[in-house]
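Read through the structure below, which is laid out as structure tokens, and then see the notes.
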2 protein chains.
Amino acid sequence: MTSEVLSPDLEAAVSAAAAAAPAFAATAPVDRARAIVAVADALESAKTRLVEIAMRETGLTEARLSGEVVRTAVQLRLFADTLVDGGYLDARIDPADPDFALGVRPDVRRTHIPLGPVINFSASNFPFAFSVLGGDSASILAAGCPLIVKAHSGHPDLSDATAEVAREALEAAGMPQGVFHLIHGREAGVAVLKDSRVKAGAFTGSIGVGRLLADIAASRPAPIPFYGELGSVNPVFITVDAVAERAEEIAQGFLTSVSGSAGQLCTKPGFVFVPAASALPAAIEAAAGDFLAEHRLLDPRIARSFEERRNAILGSPGVHPIVPGGIRFDDAGQGWATPTVVAVALDDFRRAKEALVDEAFGPLSILVETPEGTDLAALMPEFYEGNLTGTLHLSTTEATGETANAAELRALVDALSRQVGRVLFNGWSTGVAVTPAQQHGGPWPATSNDSSTSVGTAAITRFLRPVAYQNAPAAFLPAALRDDNPLGVPQAIAPAGESHAWGNRWR
Amino acid sequence: MTSEVLSPDLEAAVSAAAAAAPAFAATAPVDRARAIVAVADALESAKTRLVEIAMRETGLTEARLSGEVVRTAVQLRLFADTLVDGGYLDARIDPADPDFALGVRPDVRRTHIPLGPVINFSASNFPFAFSVLGGDSASILAAGCPLIVKAHSGHPDLSDATAEVAREALEAAGMPQGVFHLIHGREAGVAVLKDSRVKAGAFTGSIGVGRLLADIAASRPAPIPFYGELGSVNPVFITVDAVAERAEEIAQGFLTSVSGSAGQLCTKPGFVFVPAASALPAAIEAAAGDFLAEHRLLDPRIARSFEERRNAILGSPGVHPIVPGGIRFDDAGQGWATPTVVAVALDDFRRAKEALVDEAFGPLSILVETPEGTDLAALMPEFYEGNLTGTLHLSTTEATGETANAAELRALVDALSRQVGRVLFNGWSTGVAVTPAQQHGGPWPATSNDSSTSVGTAAITRFLRPVAYQNAPAAFLPAALRDDNPLGVPQAIAPAGESHAWGNRWR
């Protein structure tokens, strides 16, 4: 049932992953948790060596990369706890009900099982946290799915070295052979994504590539889910009162967020709607001196693309620089940038929408000066499709919800909710906490599938599907569904005898 | 942002649905529950009138249709309870954590919000339960999404009459204008599915049409989720000991399941793997006398298609009739059928796989006689892709899991789990209980998206997406996420201070 003939190396990886799927799915959660923690520990043990390779390949700083290794390890350990907790299984038990409203109800129990082999296309901008052992990989392994990582071409040596760490730790922890594979090259990735034995895809990258891969996944003879995190410009709205209350603090936070990791973050605030004639642009200009250190962009392609976008934005009618910034290229072709902040009046933004509204991947942000009385909620659908985040900065008084403009602010929050995955208040969208309630994903084109998240423990659900068992003898039930609950997972039980009451309370 | 210009009627429906979306999403759960119960009550009040129309349009019996109205009403009321309970919102609260392992953690809270307008393509074979007010419609309305139903061409008058009941009840219950629309015609359905204001699709029908619509949903400029329930042949496995223990009981249950609703159910057992030389075929032949009443098939197209499949199966080498059955056409072109059961040896089945393995929609089932020692688990991937159900009949002793063949039986249960959405023991797959733990959906081509169910309360999650709120003032939080929990929904709270312990237990 293979879709096309794979090269011998890819065939070996895919057939090993497929062969390992039943055994991996059958591992006890605590054993899978131990293996994942062992991977996290091994990753941290190899930190010095891996960060050295990463610095050379990505140009990111040692501090940033070391922090990212810790984040990646913590994330793996969090998934270990998540999978032992078992809440993600959403175990449901409906005991048999002889008095059911529609005739005798059988015993029905439902849990979730791993999908099978998954391919994860890793990202360039987080060589640890969204790469070989990043959040997607952690949730795929935690779910019990064999993993095939397609390395990002921006850090091939780091990918190989990280994969070696992962393979050794998984094997030493007693996981089945064949649960982890690394492959290189876009054509290889596409071939694997098309293979009928592969049951889902994950991706972090551009809208263009993400769309291409999503279309491939959807057009297979048997389509599969494809979870792509694509592009986002993360609009920010700042009220008059917030500027009046703390312009300097907002300016500092904004510049920190725009310049961090040289602006190469999917959550960088790309557009800030500020009140016209407010003190904020001047405060940003005044604070900019602390943010003029030059940073290398990830690779020459990204640098050239950033230069092009930056030129187009600076050349657009009505756009004027607040913090000029710049980009230069070294002899090796690498681009080095300092942050650029520009401002544009809302009317000019509207006229130049086509040129301005797309993502500029790098340290650049656009202040849109909005006249008093602008319907802020209407700006979201006017200018944007889906986004990962949307942010609102309010004054302390406005935060009570009792000011004269409270209804407008609520309308803006609703408008943001409808178009983004995470709505922030008085903060900045870069820095995505890895927690149970995190949501990193939003309507197209922020993600190719906005029913889930790629950061936080809910990410595990992407690689599972529900299965129900009807009148199963205890000896044939999955452990999560047994009455004696040997795994100690949460079980939602719907007692018999309730059905005649359904709806009665709401008449 | 509309993808193509709609006819005035369709434009009116879609724009009204889009305009109603924010207000409908903002209705209090208890108010939406009241409206849905009002719809259920109105449906039952109109039962006599609606069943009359349905009998004329579908040929189904009064008893079956009356029961289906009750089921449809009970289902609506169950969703009313579900939405007030609020567990489906999966509300999560991570309080701020100054001691978080990766630096200060903000307060993050996550819930689910309605997607917006949804189109539901209704089915022919359940003119109530999978039609205008069926399970898909109930879960769409319960989720808070405006609903556009594309009527099935098999019962247009019934669809109109049911829609009238729904519209009046929703309006009388104070729901916003524009939350319910009925449209007719496949072209109209496709145009609406393509419209950028429509955010998801649901469908019950054939693999061919389902694939067409799924491809349209996936290839839009902004792709949307498409939940299609397509085809299924529902394999059954019966052990030697089960036949020895209760051949007559199994034969009765089998014939009831195959002949009910003239076999026009997506869960009809299409293939039964029986031990070669067992007593079951004779028991089925002996019991067949009780099942010879002729039933009209749903429409002439389905009847002709059934006749064609039946002829192809009967003409396939090695296939011999156990219960001959038949089909005749009346002067109006309607087909009238009695159940057909055939048997074929496993080797002949293997040789004629192409001709035999597809669904025969109507009262026909194939017994596959498997020699002793056949690896039953291997038959699933050999013959089938995804299915809605898979069934195993065991003897009382085998059900203990302690017989000599227990490992083989477990392997078969695992194989079924990997390819179906519901695994049944000692029962029949027709008759799908509407309960919290139900799973009606499975891997392609049983459904176009196997991450969810189209029957049972979990169906509501298809029409929602997660949104997180970071550091939101209480005045701007959705009710489900507030500390004072005014809706009384389940809230999963991840206390601060835990992160340093993650993974420690699993070293």
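Reminder, nothing fancy here: chain letters follow the sequence lines and each chain counts from 1.
With sequence neighbours excluded, the residues forming a ring pair (Phe, Tyr, Trp, His ring centres under 6.0 Å) with A/H393 are A/W428, listed by chain and number. Qualifying ring pair (Phe, Tyr, Trp, His ring centres under 6.0 Å) partners for B/Y88, counting only residues two or more places apart in sequence or in other chains: none. With sequence neighbours excluded, the residues forming a side-chain contact (heavy atoms from CB on, under 4.5 Å) with B/A214 are B/F226, B/S448, listed by chain and number.
The candidate from B/H440, B/K199, B/R71, B/R418 with the greatest count of non-hydrogen atom pairs under 4.5 Å with chain A is B/R418. With respect to chain A, the highest number of heavy-atom pairs below 4.5 Å among B/A494, B/P223, B/G116, B/A399 belongs to B/P223. The residue among B/S429, B/P443, B/P225, B/A173 with the most heavy atom pairs within less than 4.5 Å of chain A is B/P443. In terms of heavy-atom pairs under 4.5 angstrom with chain A, the leader among B/T389, B/L464, B/V434 is B/V434. Most heavy-atom pairs under 4.5 Å with chain A: of the set B/D31, B/T400, B/L409, B/L115, this distinction falls to B/L409.
At a heavy-atom separation below 4.5 angstrom, chain A is approached by B/A501, B/W502, B/G503, B/R505, B/W506, B/R507 within residues 499-507 of chain B.
Under the 4.5 Å side-chain criterion, counting only non-hydrogen atoms from C-beta, B/Y469 is not in contact with B/V108.
Here B/R77 pairs with B/E44 in a salt bridge; the nearest charged N to carboxylate O distance falls below 4.0 Å. Using a 4.0 Å cut-off between charged side-chain N and carboxylate O, B/D94 and B/R92 make no salt bridge.
Interatomic distance, CZ of A/R109 versus CG of A/N471, reported as 9.5 Å (0.5 Å rounding).
In this structure, the portions of A/V423 lying under 4.5 Å from any heavy atom of chain B include both its backbone and its side chain.
Cation-pi check for A/R211 over A/W444 is met; the charged atom lies under 6.0 angstrom from the ring centroid and within 45 degrees of its normal.
Ring-plane geometry between B/F425 and A/F476 is classed as tilted, the angle between the planes lying from 30 to 60 degrees on a 0 to 90 degree scale.
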